[in-house]
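One structure is given here, and the rest of the page talks about it.
The residues of the chain are indexed from 1 along the displayed sequence.
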Amino acid sequence: QVQLVESGGGLVQAGGSLKLSCAASGRTFSGNVMGWFRQAPGKEREFVAAINWSGGNTLYADLVKGRFTISRDNAKNAVYLQMNSLKPEDTAVYYCAADLNISSNFALGQGVHQYDYWGQGTQVTVSS
C-alpha cells in the first residue's frame with residue numbers, strides 16, 4: 001500500500017501564501033498520478049490539481065488556476081502545492097491522493113473515485 005502524509009497547513013491572512021507538502025512511502029510512487037483535493041465544512045470533497053508521473057503535465061481546477069502550482073520531486077517521494085493569493089474561500093482540509101492506474105498519466109482526472117490512496121489531510125485557514 002501507499003502511505004501519504006501532508007504537512008504545511010496553517011493560518012494565513014487573505015492574500016498570503018502557503019506551501020503544502022505530501023510525503024509518500026510504501027508502494028512505488030514515481031509512476032503514479034498525484035492529486036490534491038480539498039474539503040470545506042458542509043461541502044463535498046473537490047478537485048484542486050493533478051500532476052502526471054514526470055511532472056510534465058498538470059491539471060488545475062478553474063478556481064485555483066494562476067494562483068496554485070502543483071509540483072513533484074520523485075527522488076524525494078514528495079508532491080507539493082504552492083498556494084499564492086489565498087482567499088477565504090480556499091479554507092478547507094487539503095488532501096493529497098495517489099492514482100495507481102498507469103493509464104491515468106495519459107489523461108489526468110479530477111474525480112475523487114479515480115484515486116486509490118489518501119493522506120490524512122492538513123488544515124488551511126484563510127482569514128479576511
Side-chain angles (χ1 to χ4, degrees):
Q1 62 178 12
V2 175
Q3 294 85 42
L4 305 173
V5 180
E6 303 95 336
S7 62
L11 175 64
V12 64
Q13 289 190 335
S17 298
L18 285 173
K19 187 174 184 178
L20 306 183
S21 298
C22 176
S25 63
R27 199 172 173 87
T28 301
F29 164 80
S30 60
N32 299 132
V33 167
M34 299 294 296
W36 284 96
F37 291 75
R38 66 188 184 186
Q39 188 166 23
K43 295 186 177 181
E44 296 182 10
R45 190 171 300 181
E46 66 178 4
F47 172 78
V48 175
I51 188 167
N52 77 328
W53 70 271
S54 69
N57 191 24
T58 57
L59 179 68
Y60 295 94
D62 288 342
L63 288 175
V64 307
K65 286 180 180 178
R67 299 190 298 121
F68 291 11
T69 302
I70 188 172
S71 62
R72 69 191 299 164
D73 186 340
N74 290 337
K76 296 181 178 180
N77 291 337
V79 182
Y80 308 99
L81 185 69
Q82 177 66 50
M83 305 185 295
N84 299 325
S85 301
L86 283 163
K87 305 174 181 179
E89 51 262 43
D90 295 318
T91 295
V93 176
Y94 282 71
Y95 300 89
C96 67
D99 183 350
L100 271 59
N101 187 351
I102 191 68
S103 297
S104 296
N105 284 288
F106 300 98
L108 296 178
Q110 51 189 294
V112 171
H113 63 279
Q114 294 180 299
Y115 292 81
D116 303 290
Y117 292 95
W118 298 82
Q120 85 289 345
T122 185
Q123 177 70 49
V124 172
T125 303
V126 184
S127 64
S128 59

Student check: side-chain heavy atoms of [X] and [Y] closer than 4.5 Å:
X      : Y      : answer
Met83  : Val48  : no
Val33  : Leu108 : yes
Val112 : Trp118 : yes
Leu86  : Phe68  : yes
Asn32  : Asp99  : no
Leu4   : Tyr95  : no
Glu46  : Glu44  : no

Counting N and O atoms only, with roles assigned by atom type, does the side chain of [X] sit under 3.5 Å from a partner on the main chain of [Y], one being a donor and the other an acceptor?
X      : Y      : value
Asn105 : Gly31  : yes
Thr91  : Val126 : yes
Tyr60  : Gly66  : no
Glu6   : Thr122 : no
Asn57  : Asn52  : no

Check your understanding: In terms of ring plane angle, is the pair Phe37 and Tyr115 parallel, tilted or perpendicular, where the classes change at 30° and 60°?
Key -> perpendicular

Practice item. Give, for atom CD of Gln82 and atom OG of Ser21, the distance between the pair rounded to the nearest 0.5 Å. Key: 9.5 Å

Review point. Rounded to the nearest 0.5 Å, how far apart are CD of Gln1 and OG of Ser25?
Key: 9.0 Å

Point to revise | Partners meeting side chain to side chain donor-acceptor pair (under 3.5 Å) with Lys43 (sequence neighbours left out) | key: none

Write down the atom of [X], the atom of [Y], and the distance for their closest heavy-atom approach.
X      : Y     : result
Leu81  : Ala49 : CD1-CB, 4.4 Å
Ile70  : Met34 : CD1-O, 4.0 Å
Ala92  : Arg38 : CB-CB, 3.8 Å
Ile51  : Arg72 : O-NH1, 3.5 Å
Ser127 : Leu11 : CB-CD1, 4.4 Å
Ser17  : Asn84 : OG-OD1, 2.9 Å

**Study point:** Steps toward salt bridge (Lys or Arg N to Asp or Glu O under 4.0 Å) verdict (Asp62, Lys65)
**Key:** CA-CA 5 Å; Asp62 288 342; Lys65 286 180 180 178; 3.1 Å; yes

Point to revise | Val2-Trp53 co-clustered via ILVMFWY side chain contacts under 4.5 Å | key: no

Exercise for review: Start with the C-alpha gap between Tyr80 and Asp73, add the side-chain angles, then the distance that decides, and say whether side chain to side chain contact (heavy atoms under 4.5 Å, CB included) holds.
Suggested key: CA-CA 8 Å; Tyr80 308 99; Asp73 186 340; 4.1 Å; yes

